[in-house]
Number of protein chains: 2
Amino acid sequence: MELFFSDDIQDAQVRLDPDESAHCVRVLRHREGDEIFVIDGRGTLCRCVLELADAKGAWARVLERTHGFGAHPYHLTMAVCPTKNLDRYEWFVEKATEIGVDVVAPVIGERSERKVLKTERLRRLALSAAKQSLKGAVPQVAEPVAVRDFILSAPAEALKFICYCFDDVERIPITSVLRPDAAAGRPIMILIGPEGDFSPEEAALAREHGWVPVQLGPSRLRTETAALTAVTAVYLFSL
Amino acid sequence: MELFFSDDIQDAQVRLDPDESAHCVRVLRHREGDEIFVIDGRGTLCRCVLELADAKGAWARVLERTHGFGAHPYHLTMAVCPTKNLDRYEWFVEKATEIGVDVVAPVIGERSERKVLKTERLRRLALSAAKQSLKGAVPQVAEPVAVRDFILSAPAEALKFICYCFDDVERIPITSVLRPDAAAGRPIMILIGPEGDFSPEEAALAREHGWVPVQLGPSRLRTETAALTAVTAVYLFSL
């Protein structure tokens, strides 16, 4: 099953942009009358019939809508500091999308070696991973913000976890905080630091603002591996 | 903390091979009298003092041994069919090593597009990932065998799980089979099929030989993502 994406879905009509049109008509050789499947990136799958097989601007008629297509039973925001090696961050975005994440928020810590991150390529990766893994919703990739700003802007109702080794606090394994909470329906936010970890000030600020220190077990994980392990934990504990 | 590897550790003496010697002496500029840490790849960390800083053949004296360094509380064999794109399989080996796996067994299914796999590079990746994530044990990368042969050769005492969608069997979520079992101390084996999945004959053979059908939740995961999700499940349920 091949999915197309469109951000131009009217009541009964779906327009594909030039890229998707070319892929649909030139690469996959779809013709008028073919059945195609189009996601809106916000969770809805449209079963359509192709009305105009134009490689520059195809359009289709909606036959049927499926809401929450490929959805997961939680809302997860992963706030992850960019890795030095961008491939590793891109890999995280692809894999987290496959498993199930709602928002990837790149955050810049005081100790982040990488202070800037272009999000356009990450958004394309998230889109193609969502299509490949048959999801109607494409994870949102936020613009990078400072860790402090992210901590302060997090909504009060969210379950907020920070992976950081506080000297003075015992960290709960993420598995035990998820057991009761995953089902509770509150949005979950998980903060993952850079290679150099958070600064003590950032960590203290997070605790003051209700972020719960958690740990991901004894293994020493790279930033992107820790981030994916956290996504997988939320996913598995929602089963 | 930088780890070196040696397969030539006598009672009190550790010899580094030319690669490790060059890295130790030429790259990291260690000199006689420096303290270095060497793993034997089977779980033991040796704290040593460098006696001969020779970039072609360095050796060190063992001061202290730590057994089970960076070990995990389970024994996991991942039998995973090679992916078409080898990068994805290499990525799996690196990440699974970081999180915690004991054996990676490439298995060739009837529907595997890739029938051959060179294991040498995978072994190097496992070694460098183990060193990077501070583990004394390096996962073993087995030579590829046919899925059928692997199924038949699996030890009776192992907990054996197969990720396959049987038409006629309800598959248990891997989380519920791990809850009671992870702690039981039995070796765990998980079988992950190729992009084209197992053949019905392979799947039936597995069931006949005590492999329990499990599922990894609703998300549609690529082969390497499914494999890493299974490793992460075993890891998290051992916390």
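Protein chains get the first letters and strands the later ones, always in sequence-line order, with residue 1 at the start of each.
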Considering non-hydrogen atoms only, spot the tightest contact between A:L239 and B:G217 and give its length.
-> CD2-CA, 3.5 Å

Partner residues of B:A79 under the side chain to side chain contact (heavy atoms under 4.5 Å, CB included) criterion, sequence neighbours left out | B:A105, B:V107, B:F150, B:L191

Kindly write out the residues that satisfy side chain to side chain contact (heavy atoms under 4.5 Å, CB included) with B:A60, not counting sequence neighbours, or none if the list is empty.
-> B:I36, B:C48, B:L50

When rounded to the nearest 0.5 angstrom, what distance separates CD1 in B:I174 from CG in A:L236?
-> 8.0 Å

Between chain B and chain A, which donor-acceptor pairs sit under 3.5 Å apart?
from, atom 1, to, atom 2, distance (Å)
A:R88, NH1, B:E94, OE2, 2.9
A:R88, NH2, B:E94, OE2, 3.4
A:E94, OE2, B:R88, NH1, 2.9
A:E94, OE2, B:R88, NH2, 3.4
A:K95, NZ, B:E224, OE2, 2.6
A:K95, NZ, B:T225, OG1, 2.9
A:E98, O, B:S219, OG, 3.4
A:E98, OE1, B:R222, N, 3.0
A:E98, OE1, B:T225, OG1, 2.7
A:E98, OE2, B:T225, OG1, 3.3
A:I99, O, B:S219, OG, 2.7
A:Q132, O, B:R220, NH1, 2.3
A:K135, NZ, B:S219, OG, 3.1
A:L216, O, B:Y235, OH, 2.5
A:S219, N, B:Y235, OH, 3.1
A:S219, OG, B:E98, O, 3.4
A:S219, OG, B:I99, O, 2.7
A:S219, OG, B:K135, NZ, 3.1
A:R220, NH1, B:Q132, O, 2.3
A:R222, N, B:E98, OE1, 3.0
A:E224, OE2, B:K95, NZ, 2.6
A:T225, OG1, B:K95, NZ, 2.9
A:T225, OG1, B:E98, OE1, 2.8
A:T225, OG1, B:E98, OE2, 3.3
A:Y235, OH, B:L216, O, 2.5
A:Y235, OH, B:S219, N, 3.1

